[in-house]
Amino acid sequence: MPELPEVETVRRSLAEHVAGRRIEAVYFFSPLAAGKKPGPVTRALTGRRILRLERKGKYLVFPLDQGWMTVHLRMTGKLLIDGPKTKWTRVEFAFDDGHALMFEDPRQFGRVVWSREYPADVAALGPDALGLDAAEFLARLAGRRGALKPLLLNQRIVCGIGNIYADEALHRAGIHPLSLAVKVSRARLLRLHEAVQEVLAEAVELGGSSISDYVDAEGRRGWFQTKHRVYGRTGEPCLACGTPIRRITVGQRGTHFCPRCQHR
DNA sequence: ACTAATGTTGTAGG
DNA sequence: GCCTACAACATTAG
């Protein structure tokens, strides 16, 4: 499930392969991957040169010599350089250096789109979570109603945090996922900011979390899943206090926390 | 064999 | 506008 650290790992592993390359051909094996009709997207992308590879939140943005290509991996999307063509390959790009890029996506939630102007959905995102300073983090949460975890997952407030890293950050900060944002002290929100920065930076360093079959553009797995303290550890002892990790549902999302370390 | 769960975003609704 | 519920989809665990 690619979140910020996984998408950043894909960006880093893919950038050198695509920066400066010309797209000679594009094949949409699944129209769904284009979001609508693949014809116009194919025509717009063919012959374009990729200037560089950027990331905002969970979006990969490819500035082109004309317009922008945006890729979102959603749940099961992968970008594989010279990857094999499989039954899950939805899009293939052929580059001018003889290499190819495969967009593989079993569940078909992922999208490859082209836009003439900078993509509106990316522009609408809140600031990227990685490297966000404490003052702005607090300002973005100020006046928000509701529980903290859904707010962390709201990409218009701050973007890049997904289910895994929300749970991990809340545990490190000692905050219950159902805590109302307005009732959490400034000191504890500052601690949350630090926990978010810490957990994202460590995850990027380890190449993200490969909890299902996530791999980077060169097929390498990430290792941050071995550092998870709550996510996917339901019933196992909290590494801080030994209390069994509990799993509840918050905003329709599986939520893992330690009932002792994270009080409301 | 059926059901629930998986996680992200857009959208529809209160 | 803000918040919540659900659909889109394919596979797997129970």
Side-chain angles (χ1 to χ4, degrees), chain A residues 1-10 28-38 55-61 70-79 86-91 103-113 115 119-126 128-129 139-170 177-184 199-200 203 208-215 222 224-225 228 230-235 245-257:
Chain A
M1 335 287 132
E3 304 180 21
L4 186 154
E6 291 77 29
V7 180
E8 176 61 15
T9 303
V10 171
F28 276 87
F29 303 116
S30 164
L32 249 186
K36 37 184 190 273
K37 293 281 184 185
R55 177 193 60 76
K56 180 149 186 207
K58 304 168 194 171
Y59 287 81
L60 285 164
V61 180
T70 307
V71 175
H72 199 300
L73 304 173
R74 292 283 189 109
M75 297 285 292
T76 54
K78 295 178 193 67
L79 284 171
T86 70
K87 62 186 292 200
W88 310 126
T89 305
R90 309 304 184 188
V91 189
F103 176 65
E104 187 176 294
D105 186 23
R107 284 181 73 176
Q108 303 199 92
F109 286 175
R111 293 292 181 266
V112 174
V113 302
S115 55
D121 44 359
V122 178
L125 295 169
D128 194 72
R140 303 286 303 175
L141 287 173
R144 296 286 176 167
R145 306 174 59 83
L148 211 36
K149 173 162 175 180
L151 293 175
L152 282 180
L153 294 178
N154 184 339
Q155 305 295 303
R156 287 170 183 269
I157 298 176
V158 164
C159 73
I161 302 171
N163 206 35
I164 297 172
Y165 299 101
D167 282 1
E168 292 297 320
L170 286 167
L178 284 172
S179 297
L180 300 179
V182 285
K183 306 197 90 173
V184 177
V199 82
L200 292 179
S209 302
S210 291
I211 56 149
S212 52
D213 60 350
Y214 157 81
V215 288
F224 192 72
Q225 69 279 7
H228 291 175
V230 286
Y231 187 87
R233 298 194 62 244
T234 309
I245 298 302
R246 280 187 53 193
R247 187 182 177 283
I248 59 174
T249 298
V250 178
Q252 294 85 238
R253 314 299 299 280
T255 297
H256 314 72
F257 73 107

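Predicted, not measured: the structure shown is a model, and the values here were computed from it. In what follows, chains carry the letters A, B, and so on, assigned in the order in which the sequence lines appear, proteins first and then strands, with residues in each chain numbered from 1.
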* Show your reasoning for whether side-chain contact (heavy atoms from CB on, under 4.5 Å) applies to A:L4 and A:R55. => CA-CA 9 Å; A:L4 186 154; A:R55 177 193 60 76; 3.3 Å; yes

* To do: Under 4.0 Å between any heavy atoms, over every strand shown, what does A:N154 touch: base, sugar-phosphate, or nothing? Just pick one.
  => nothing

* Asked: Given the P atoms of C:dC9 and B:dA1, what is the spacing between them in whole Å?
  -> 24 Å

* **Donor-acceptor contact below 3.5 Å, side chain A:T70 vs main chain A:V61** => no

* Structure fact -> For nucleotides 5-10 of chain C, 5' to 3', base contacts (B), sugar-phosphate-only contacts (S) and non-contacts (-) with protein non-hydrogen atoms under 4.0 Å give B--BBB

* **Pairwise P distance for C:dC6 and B:dA4, with rounding to whole Å** => 13 Å

* **Side chain to side chain, A:F257 and A:I248, heavy atoms closer than 4.5 Å** => yes

* Calculate the interatomic distance between A:L151 atom CG and C:dC2 atom C1'; express it in whole Å. => 10 Å

* **Atom-pair distance (CD1 on A:I157; P on B:dT8), nearest Å** => 15 Å

* A:R90: side-chain contact (heavy atoms from CB on, under 4.5 Å) partners, not counting sequence neighbours -> A:S30, A:A33, A:W88, A:F103, A:D105, A:Q108

* Within-4.5 Å side-chain heavy-atom neighbours: A:S209 and A:Y165 -> yes

* Do the side chain of A:Q155 and the main chain of A:I161 share a donor and acceptor less than 3.5 angstrom apart? -> yes

* Asked: When we call it a touch if two heavy atoms are under 4.0 Å apart, what does A:R253 touch: a base, just sugar-phosphate, or nothing?
  -> base

* Looking across every strand, which nucleic acid part, if any, lies under 4.0 Å from A:Y59 by heavy atom: base, sugar-phosphate, or nothing? -> sugar-phosphate

* To do: Kindly say whether A:V182 contributes a backbone atom to a donor-acceptor pair with the side chain of A:R145 at under 3.5 angstrom?
  => no

* Whole-Å distance separating the OH atom of A:Y214 from the P atom of B:dT8 -> 14 Å

* Does DNA chain B take part in any stems of at least 3 consecutive Watson-Crick or G-U pairs (both distances under 3.5 Å), and if so, which ones? -> B:2-6 with C:10-14, B:8-14 with C:2-8

* Whole-Å gap separating C1' (B:dT11) and CD (A:Q155) -> 16 Å

* Verify, without hydrogens or angle tests, whether A:E168 (side chain) and A:H228 (backbone) share a donor-acceptor contact under 3.5 angstrom. => no

* Can you tell me how far C1' of B:dT9 sits from CG of A:L153, to the nearest Å? -> 12 Å

* Asked: Quick check: does any side chain N or O of A:Y214 sit under 3.5 Å from a backbone N or O of A:E6, one acting as donor and the other as acceptor?
  -> yes

* Rounded to whole angstroms, how far apart are CG on A:L180 and P on C:dC3? -> 11 Å

* **Nucleotide B:dT9, atom P - distance to CG of A:L73 in whole Å** => 11 Å

* Asked: According to a strict under-4.0 Å criterion, is A:H72 in side-chain N/O contact with OP1 or OP2 of B:dT9?
  -> yes

